[in-house]
Amino acid sequence: MGQGGYQEEVNMKKTFVLGALTVAGLAAGAAQAATVDDVKARGKLNCGVSTGLVGFAAPDANGNWGGFDVEMCRAVAAAVLGDSNAVEFVPTTGKTRFTALASGEVDLLARNTTWTFSRDVDLKFTFVGVNYYDGQGFMVPAELGVSSAKDLDGATVCIQTGTTTELNLADFFRVNGISYEPVPIETNAEAQQQYLAGACDVYTTDASGLAATRATFENPGEHVVLPEIISKEPLGPLVRHGDDNWGDIVRWTLNALITAEELGVTSANVAEMSGGTNNPEINRMLGTEGNLGEQLGLEADWAMKVISAVGNYGESFEKNIGENTPIGLARGLNALWTEGGLIYTPPFR
């Protein structure tokens, strides 16, 4: 091939590659815009939650949803739609939650879901952060006289299918050379029913879930959460891959809740602080300086609406699952980084 022919082929290849990249970029851009546009057009956020876990996500007697995870849904609705009540809550089980998100039935999954390699990479979801650092534990009736999970050889164990809990349990018993008989269940309500009926000796799930379940018992003191925590369970909201703008909106909504606590912005003072403060980061977050809202495709005061609706991270924690609630969870790992915990966000700048 002559030099002219060679150069022509090179140019054709460049044109083809650039054209392919342009098409890919346009497709990605369309995908990125899709979810937020759908939510705005629909006028409500479809949010996947659990089928019922008191303190985290559960409907009251009138069917109104409340809880720590529910407030993540409401925060995103406030950021995007300016209305924290513009949410359709979609109950999902451990088995149905990922299908609901992948299929587009829900825009966001905000239910005690562990961030793992395979869910991130193989299932093609984007975890936007961690809103609760947890670990798997065990609950048994006090009358069994068991003080350690290593004493559970031969026990029957209620366990939700389609969860990391199921895999962790098998690993723990195998490593410790003990056996168990699984009693598969679909929902937390079913697990509670089976456990209280004596169909299983043990209920295992995230320690926060055990605390939430135990708090609903008629006699919580008759049940013991064993000391062992056998896994890392970083729980947080997730969205579909390929929609970076939507992922950014949910991620920075969570970050706004956390940063607000760190900077002392609360539901009680956010309106006043939205008039301007001497702290540049507060001003940037609340929209009185810079254009962070515009960069997300949201109103300048998006974060103010979020904090007005649900309070900051600490307010939401204490109100729904904190030590003064029936759930009774200490902050522990979920304290701010300035207080010895793991809760930490990138800066608003």
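These numbers come from a predicted model, not from an experiment.
- For the pair Arg240/Leu101, a side-chain contact is recorded, criterion being any heavy-atom separation below 4.5 Å from C-beta on.
- Applying the salt bridge (charged side-chain N to carboxylate O under 4.0 Å, His left out) definition to pairs two or more places apart or across chains, those involving residues 92-102 are Lys95-Glu186.
- Within 6.0 Å of atom CD in Gln295, more than 12 heavy atoms from other residues, nucleotides or ligands are found, so the atom counts as buried in its surroundings.
- Residue Leu333 forms a side chain to side chain contact (heavy atoms under 4.5 Å, CB included) with just one option from Ile343, Val130, Asp134, Leu342, and that option is Leu342.
- Across all non-hydrogen atoms, the minimal contact from Ala110 to Asp69 is O-CB, 3.3 Å.
- Not a single donor-acceptor pair under 3.5 Å links the side chain of Thr114 to the backbone N or O of Thr116.
- Applying the ring-ring contact (aromatic ring centres under 6.0 Å, His included) criterion to Trp252, with sequence neighbours excluded, gives Phe348.
- A salt bridge (charged side-chain N to carboxylate O under 4.0 Å, His left out) check over residues 212-237, counting only residues at least two apart or in different chains, returns nothing.
- No donor-acceptor pair closer than 3.5 Å links the side chain of Thr277 to the backbone N or O of Met273.
- Residue Ala260 comes nearest to Asn312 through the heavy atom pair CB-CB, 3.7 Å, listed as atom of the first residue, atom of the second, then distance.
- Using a 4.5 Å heavy-atom cutoff, the side chains of Asp120 and Thr126 are not in contact.
- Note that CD1 of Ile327 is 7.5 Å distant from CG of Leu53, once rounded to the nearest 0.5 Å.
- Counting side-chain heavy-atom gaps under 4.5 Å among Ile, Leu, Val, Met, Phe, Trp and Tyr, Leu167 is found in no cluster with other residues.
- Aromatic rings of Phe68 and Tyr313 (six-membered ring for Trp) have centroids within the 6.0 Å cut-off, being under it.
- The ring pair (Phe, Tyr, Trp, His ring centres under 6.0 Å) analysis of residues 256-308, with sequence neighbours excluded, yields no pairs.
- Closest of all the heavy-atom pairs between Pro346 and Asn255 is CD-ND2, 3.9 Å.
- Listed by first then second residue, pairs satisfying disulfide (SG to SG under 2.5 Å) with a partner in residues 255-349 number zero, not counting sequence neighbours.
- Between Phe125 and His241, the ring center distance fails the sub-6.0 Å criterion.
- Take Tyr133 and apply the ring-ring contact (aromatic ring centres under 6.0 Å, His included) test, not counting sequence neighbours, and it matches no residue.
- Residue pairs meeting the salt bridge (charged side-chain N to carboxylate O under 4.0 Å, His left out) criterion with at least one partner in residues 250-277, sequence neighbours excluded, are Asp248-Arg251, Glu261-Arg331.
- In the hydrophobic clustering, where aliphatic and aromatic side chains (Ile, Leu, Val, Met, Phe, Trp, Tyr) are joined below 4.5 Å either directly or transitively, Tyr344 groups with Trp337.
- When atom types are taken as modelled, the side chain of Glu315 and the backbone of Ser267 share a donor-acceptor pair closer than 3.5 angstrom.
- Applying the 6.0 Å contact sphere to CG of Asp60 captures more than 12 heavy atoms from other residues, nucleotides or ligands.
- Evaluated for a side chain to side chain contact (heavy atoms under 4.5 Å, CB included) with Met72, the options Val310, Val128, Leu109, Val250 yield exactly one hit, Val250.
- Side-chain heavy-atom separations under 4.5 angstrom define the hydrophobic clusters, and the remaining members of the one that includes Leu152 are Phe138, Val140, Leu144, Val146, Val157, Ile159, Leu169, Phe172, Phe173, Ile178, Tyr180, Val202, Val224, Leu226, Ile230.
- Within the structure, the salt bridge (charged side-chain N to carboxylate O under 4.0 Å, His left out) test picks out no pair touching residues 160-177 (sequence neighbours left out).
- Remark: of the listed residues Leu45, Val49, Asn64, Asn46, Val49 is the sole one forming a side chain to side chain contact (heavy atoms under 4.5 Å, CB included) with Phe89.
- A donor-acceptor pair is defined here as one N or O able to donate and one able to accept, closer than 3.5 Å; such a pair exists between the side chain of Asp83 and the backbone of Asn85.
- With a 6.0 Å radius and a threshold of 12 heavy atoms from other residues, nucleotides or ligands, Glu299 has its CD atom at or below the threshold.
- For Tyr203, there are no ring-ring contact (aromatic ring centres under 6.0 Å, His included) partners, not counting sequence neighbours.
- Of the N and O atoms on the side chains of Asp243 and Thr35, at least one donor lies less than 3.5 Å from an acceptor on the other residue.
- Formation of a donor-acceptor pair under 3.5 Å by the Asp206 side chain with backbone atoms of Gly137 is not found in this model.
- Taken to the nearest 0.5 Å, the OG atom of Ser208 stands 6.0 Å off from the CG atom of Leu235.
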